[in-house]
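Contents: one structure, followed by commentary.
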Amino acid sequence: MKKSNIAYEVKKIEKEVEFIRRYFHQYPELSNEEIGTSAFIQEKLRQFEIPFETGYATHGVLGIIHGKSSGKTVALRADMDALPIQELVDHAYRSTYKNKMHACGHDAHMAMLLGAGYVLQQLRHEFNGTVLLVFQPAEEDAPEGGAQRLMDEGIFSEYVPDVIYGQHVWPYLPVGQIGVRNKEMMGASDRFEITLTGVGGHASMPHQTTDVMVTLGHVITSLQTIVSRSLDPLEASVVTISKITGGEAANIIPNQVKAEGSIRTYEPSIRARLKERFFTITRQIAEAFEVKVDITYQDGYPATINIPKWASLARETANELNLDTPEINPSLAGEDFSRFLESYPGAFIWLGTQLDETNKQASLHDARFQINERALPIGTSFLAQLAIDTLHAFEKET
């Protein structure tokens, strides 16, 4: 497949991709509420004459592009949902809904996948095999997420991916760069809630209480020793207490306090060891202070770990398109695409979308988050070329 063919088709759809992205940005919908988003995707697939199926995980959509003859199957995935955030950026296409915003770039993901779908549909007589366009709801709905639901409900029952790719905007890389690693890309993300219940009382008479605040202080401090003293120092892990609820007045020791937080890891064995130590430390400290403890622990998304073969091919595709592929470090942020990679080989890729004025660049999940729209045609071209390169790679093996 000549790059010029893809470049020509991307140029034709470039303005439409920008329009689609801005439309999604104006009308964001939260996890499991993507009714209008799904309907708009279906409208565009009809317009592009791409066959599709619906109903998976309620709002999921599967576009199906057949090449000139049978062959392998490549899936490309985009997530659909927005975040419960009030947008603080004032531009012409800002969110029209209160406390709803595409602050993680899913609007761009859907737009680029639709654009890539258009390109592949125009060039379908130039490759063998099938390309699936997977529009996934509820990526932000951790710890369940929408990916597993899509698979459980049979989205791949007829067309089984031989390889699956996901692309995510990355504001920490400049436009024109692609980030991909042969191994881990994103972390496992577990959540927990600790409830300590004791005997409350007057602040002037702590000896008549079992002070849950002091107990929690020891729990928080001791949990930090898991990473520093119980785990391999070469394995990245994080234990974070991010929310504490308890107490009513300065002169009252409460009888209950709650703490919530997150645990992030890469390696499954490290994840298991961290969880084990978390329970042991929390329970034993509570016992030492004569306080009752209840722990709710949610196993969240697993780590997103690429298959080296397909990560390497993604790097080759990027280089083919004259995109830089710098050495990058993984992120401990969680990603529902990991569920797909547990079932099918593939790779997760970061697309550089940093603003030209880098001092104005906000992080993912920030109310001031923006992307550099110059990256949209790059991401569209990359997805289309990657799908074709993967199908060609399979043909070379036979």
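Just so you know, residue 1 is the first one in the sequence shown, and it goes up from there. Both backbone and side-chain heavy atoms feed into the values below; hydrogens, waters and symmetry mates do not.
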Are side-chain N/O atoms of [X] and [Y] paired as donor and acceptor at under 3.5 Å?
X	Y	result
E87	H25	yes
T390	Y165	yes
D294	T195	no
S338	E342	no

Item to check | Approximate separation, where rounding is to 0.5 Å, of T58 OG1 and L150 CG | outcome: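 If I round to the nearest 0.5 Å, the distance is 9.5 Å.
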
Checklist entry - Which distance, rounded to the nearest 0.5 Å, do you find between the CG of N32 and the CD of E140? => result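 So the CG of N32 and the CD of E140 are separated by 11.5 Å.
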
Honestly curious: do [X] and [Y] fall in one hydrophobic cluster under the side-chain, below-4.5 Å linking rule?
X	Y	value
M186	L274	no
I388	L323	yes
I155	Y344	yes
I244	I263	yes

Is the [X] ring parallel, tilted or perpendicular to the [Y] ring (thresholds 30°, 60°)?
X	Y	value
F279	Y297	tilted
Y23	F19	tilted
H168	W170	perpendicular

Is [Y] close to [X] at the side-chain level, that is, under 4.5 Å between some pair of heavy atoms?
X	Y	result
H109	V169	yes
L114	F135	yes
W350	M185	yes
L321	I178	no
L313	W310	yes
F289	T210	no

Checklist entry - Quick one: salt bridge (Lys or Arg N to Asp or Glu O under 4.0 Å) pairs with a partner in residues 37-66, sequence neighbours left out? => result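 Matches after skipping sequence neighbours: E16-K44.
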
Item to check | Pairs satisfying salt bridge (Lys or Arg N to Asp or Glu O under 4.0 Å), at least one member in residues 275-286, at least two apart | outcome: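 The answer is R273-E276, K275-D299.
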
Checklist entry - Nearest heavy-atom pair of I270 and S237: which atoms, and what distance? => result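 Closest pair (atom of I270, atom of S237, distance): CG2-OG, 3.4 Å.
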
Next on the checklist: Evaluate S312 against E316 for side chain to side chain donor-acceptor pair (under 3.5 Å), listing each step before the verdict.
Outcome noted: CA-CA 6 Å; S312 296; E316 292 172 9; 6.0 Å; no

Next on the checklist: Please determine whether a side-chain nitrogen of the Lys or Arg among R77 and E335 lies less than 4.0 Å from a carboxylate oxygen of the Asp or Glu.
Outcome noted: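 Result for this pair is yes, salt bridge flagged.
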
Item to check | Candidate pair F382 and I349, rule side-chain contact (heavy atoms from CB on, under 4.5 Å), full reasoning | outcome: CA-CA 10 Å; F382 177 75; I349 299 123; 3.9 Å; yes

